[in-house]
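Below: the structure, in structure tokens.
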Amino acid sequence: MALDFQATTDDLDPIPHATVDDPHPVYRRLREEHPVHYVEARDLWVLSRHADILAAIKDPESFSSSEGVVPSGFVPEKKTLIVLDPPEHTAMRKAVMRAFTPRRMAAMSDRVRGFARGLLDRLDEHADAEGRVDVFEGFTDPLPIFVMAELLGVDPSERPMFKRCGDAIVYSSGADPATLLAAQRELTDYLEVVFAERVKHPGDDLISVLLTSSDEGRALTKDELLGLCFLLLVAGTETTTSALGNALLLLERDRASRKRLVEDPTLLESAVEEILRYDSPVQGLSRVTRRDVRLHGRTIPEGARVHLLYASANRDPRAFPDPDRFDIARTPNNHVAFGFGIHFCLGASLARLELNIGLAEWLRHAPDYTLEVDELERLPSDTNRGFAKLPVRL
Ligand code: HEM
């Protein structure tokens, strides 16, 4: 693993940097010297300043999501929320928001704590012969998957199936396409049974609400709901897993902040925001221009794919004083780790809940943990930044 990677001066393609130890030398050069940069090999334009990125996400008429939001241009078969533009996006988001109420998210709090404690109590079962535990396997990976299963009303007996299929779908990069397809089919079959049951016996759960129309909005079709469930799984689990893993490394490297946090848990809330800002799980997402865009003396042509480097915006000195300082008490903290505007993360409040509770429970369980920094493994990704292996000595 390239933990000591230093950016070379001739390589300003930010995509491979999502998975190096410190991508910020490259992001800084982009921001300061090439705020509108064209990566010819990828046919990809890159914006890296906070103000430019905000302006682009606030203008979906010029910067469209409908041709995919990842640099490869992948668009899911069932086009859903994240790859829709207004007016389709507006209608779908309104329909979905009925189920993502602050009350429903807050009600998850006890369940999240229960899952976190249950996993941490069984962490020793994952220890290797030398007494090291992989916290990815035992904690940061299963926690968000269990929370998602709960949100979608998956029966507890089906949780292992949900996790097996979920992992196959979420961590599918480089996987055998047949395995991925089989996992998608198994999960689809299961969800279709759940939907049919909820239509017959609707309850107060998220699926029932989305399948029923109300004064506030229309019902989703079963096909739309299926697309949404897959999006929630892909957008809501690896990202949260990554944020937890990134937190563990940041608090390994900055023991003083860890000590402060253990002694004063009222700092958790601002610490979570700072972890998201300082080491953002989603480094960037893209849009496609619907017109020529003139910026900093350059013209991005209509039809160009433009990568919005959220992680660079989050270190822009024009937006954050002393941006490379990790400050768990930083306020205000207007980071764009959850995006901004119409596509602002639908699960942000749930993610914040999971991170606050997950981190609090972790620090209660293992305040003196030591991360085996040389043994870490990063998740391979063009856009996300997190770990697939986190060996720890408790
Ligand atoms: C730390 C964890 C998370 C991070 C860093 C994160 C990040 C993001 C970002 C950057 C976007 C904006 C997409 C864009 O600009 O095109 C987004 C959108 C979205 N996120 Fe999250 N997310 C997280 C957790 C979650 C969770 C837990 C859920 C589900 C419960 C979720 C569901 C979604 C959905 C559905 C969208 C699309 C919203 C739309 O297009 O209207 N995310 N997320």
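In each ligand, atom 1 is the first atom listed, and ligand 1 is the first ligand listed. Remember, predicted model here, so these are calculated numbers, not experimental data.
Among A337, G341, P281, S349, the residue whose heavy atom sits closest to atom 10 (C) of ligand 1 is A337.
Between H89 and H343, the two ring planes are tilted [angle within 30° to 60°]. Classification of the W362-F139 ring pair by plane angle, with boundaries at 30° and 60°, yields parallel.
Residue contacts with ligand 1: R287 is included, with a non-hydrogen atom under 4.0 Å away. The closest approach between R352 and ligand 1 stays at or above 4.0 Å for every heavy atom of the residue.
Here the protein heavy atom with the shortest distance to atom 12 (C) of ligand 1 is H343 O, 3.4 Å.
H335 pairs with exactly one of E274, E273, R315 by the side-chain hydrogen bond (donor to acceptor under 3.5 Å, both in side chains) rule, that one being E273.
Listed by first and then second residue, the side-chain hydrogen bond (donor to acceptor under 3.5 Å, both in side chains) pairs involving residues 135-152 are R111-E150, H126-E137, D141-K163, D141-Y171 (not counting sequence neighbours).
Listed by chain and number, the residues in a side chain to side chain donor-acceptor pair (under 3.5 Å) with D155 are S157 (sequence neighbours excluded). Not a single salt bridge (Lys or Arg N to Asp or Glu O under 4.0 Å) links D52 to another residue, sequence neighbours left out.
Only the backbone of I342 comes within 4.0 Å of ligand 1, judged by heavy-atom distances. Contacts between Y310 and ligand 1, counted as non-hydrogen atom pairs separated by less than 4.0 Å, involve the side chain only.
Interatomic distance, N356 CG to R113 CZ, rounded to the nearest 0.5 Å: 9.5 Å.
Around atom 21 (Fe) of ligand 1, the protein atoms of type N, O or S found under 2.8 Å away are C345 SG, listed by chain and number.
Judged by distance alone, the side chain of R385 and the main-chain N or O of V20 form a donor-acceptor pair under 3.5 Å.
Under 4.0 Å is where a charged nitrogen must lie from a carboxylate oxygen, and between R277 and D327 no such pair does.
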